[in-house]
Amino acid sequence: MDGFAATSLSPGVLPDDEAGEPRSFLDRLFDGGLLIRTGVDGLYGRSGAFESVVEAVDRLATGLGAEDGAEALRFPPAMARTAFERSGYLKGFPNLAGTVHCFCGNEADHANLLACLEAGDDWTGKQAASEVVLTPAACYPLYPVAAARGRLPADGLLFDLQSYCFRHEPSLEPTRMQLFRMREYVRMGSPEQVLAFREMWLERGTAMMAGLGLPLAVDPANDPFFGRAGRMLANNQRNQGLKFELNVPVNSVEKPTACLSFNYHQDHFGLTWGLEQADGSVAHTACVGFGLERITLALLRHHGLDLAKWPAAVREKLWG
Amino acid sequence: MVFVNDIRELLKGIGSLADCADRVSEEDDLFEKGLDSFGSVQLMLALEEKYNIEFPDHLLNRRSFSTIRIIRETVSALTVSAAA
């Protein structure tokens with residue numbers, strides 16, 4: 001670990017549900033019109049009020065990083081399948097990946113598709129993987145783009161990203177959406193440069209969330225790697241102090257929700273993409289990720305579903 | 001019995017160690033020789049298949065795969081307990 005001790009700034013507490021309130025947090029978000037059902041768990045519409053919080057949190061993240069000179073890039077929520085395959089995502093998370101399949105048949109196949117649809121049979125036989133895959137994390141489209149520019153300058157590079165991301169994990173927890181937005185800053189450079197970046201954002205992110213009146217704890221964490229082999233990757237990640245999450249109780253105190261994550265990738269993406277430092281050695285990378293919907297949900301859970309009744313200090317921070 | 005040479009043969013199947021598997025000593029740190037996280041997973045799966053064992057959760061970490069000696073000792077213990 002790079003000198004950062006996991007902290008627990010305040011005990012995880014949740015406001016009591018209304019007396020006799022039988023409905024879940026998700027149901028109450030639907031009832032209040034903040035989220036809109038689509039028929040798929042984890043795939044929701046958002047109201048204007050919900051979006052106003054998302055945008056305010058996004059602005060806060062912009063403000064916190066404003067002096068750093070990050071290069072802002074925005075990618076659509078999909079990336080080239082070739083880049084996705086090379087990224088190594090399928091080694092760790094085959095179960096979460098979302099590939100885009102499209103109809104690749106002829107006219108007879110089309111007729112067959114419609115007949116299957118009419119009969120309620122499987123109509124997907126002529127669907128084939130396209131050249132497009134849904135973005136699993138905002139920084140995934142960035143690495144090949146940065147590598148194509150050649151060696152990093154001596155002081156490395158810093159990027160500002162935001163994207164909808166997809167992970168196939170249907171859930172009734174509103175904090176576990178299948179399509180959600182992730183704001184990221186990504187640092188590329190020497191190990192010292194990227195670790196200093198992560199340290200700085202651990203402090204900034206913690207101050208930002210505490211300033212929004214949220215109970216939080218920063219804890220060592222691991223990515224949800226797939227299967228038994230994944231357990232080893234997860235153990236290694238934890239033991240090496242590569243990932244920290246800023247957790248806020250949203251669904252429960254026992255299983256708080258990771259609202260921000262602070263990740264040191266070591267040379268993983270550098271080796272994968274041929275990213276080189278100015279001296280030709282392999283670049284290291286780190287990122288800080290803000291779960292924009294998760295932070296919004298944490299605010300709604302702790303300050304209530306009526307934004308107008310949020311504490312004045314919180315409203316001031318979000319909307320000035 | 002778990003032989004060092006059998007472990008070396010498995011190491012040759014791990015891309016990043018293929019070239020040096022014959023030269024690493026029993027005490028050399030395999031991660032310093034180029035073994036990465038995914039390589040250690042490949043190694044774990046290869047050992048499990050060859051010796052018909054299953055690494056328990058508490059051994060699923062870097063240390064268990066860090067040197068040939070530790071691998072030999074760990075796998076030997078697991079094969080004994082599997083046979084018991």
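Sequence lines set the chain letters: A, B, ... in the order given, protein chains first and strands last, and positions in each chain run from 1.
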**Message:** Rounded to the nearest 0.5 Å, what separates atom CG in L242(A) from atom OG in S37(B)?
**Reply:** 8.0 Å

**Message:** If I measure from the heavy atoms of chain A, does S40(B) come under 4.5 Å with its side chain, its backbone, both, or neither?
**Reply:** both

**Prompt:** Would you say D279(A) has more than 12 foreign heavy atoms packed within less than 6.0 Å of its CG?
**Reply:** yes

**Side chain, backbone, both or neither of D57(B) within contact of chain A (heavy atoms, under 4.5 Å)** = both

**Item:** F38(B) side chain reached by H268(A) side chain, heavy atoms, under 4.5 Å
**Value:** yes

**Item:** Interface moiety of E48(B) toward chain A, non-hydrogen atoms closer than 4.5 Å
**Value:** side chain

**Request:** Check whether any side-chain N or O of R228(A) sits under 3.5 Å from a backbone N or O of L60(B) as a donor-acceptor pair, and report yes or no.
**Result:** no

**Message:** Less than 4.5 Å apart, side chain to side chain, heavy atoms only: is that true for F65(B) and M232(A)?
**Reply:** yes

**Prompt:** Measuring from L233(A):CG to R62(B):CZ, what's the distance to the nearest 0.5 Å?
**Reply:** 10.5 Å

**Message:** Sort by residue number and list every residue of residues 81-101 of chain A having at least one heavy atom under 4.5 Å from chain B.
**Reply:** K91(A), G92(A)

**Request:** Give a yes or no on whether K255(A) atom NZ has more than 12 heavy-atom contacts from other residues, nucleotides or ligands under 6.0 Å away.
**Result:** no

**Message:** So for atom CD, which belongs to E49(B), do other residues, nucleotides or ligands contribute more than 12 heavy atoms lying within a distance under 6.0 Å?
**Reply:** no

**Asked** Which distance, rounded to the nearest 0.5 Å, do you find between the CG of N61(B) and the CZ of R238(A)?
**Response** 14.0 Å

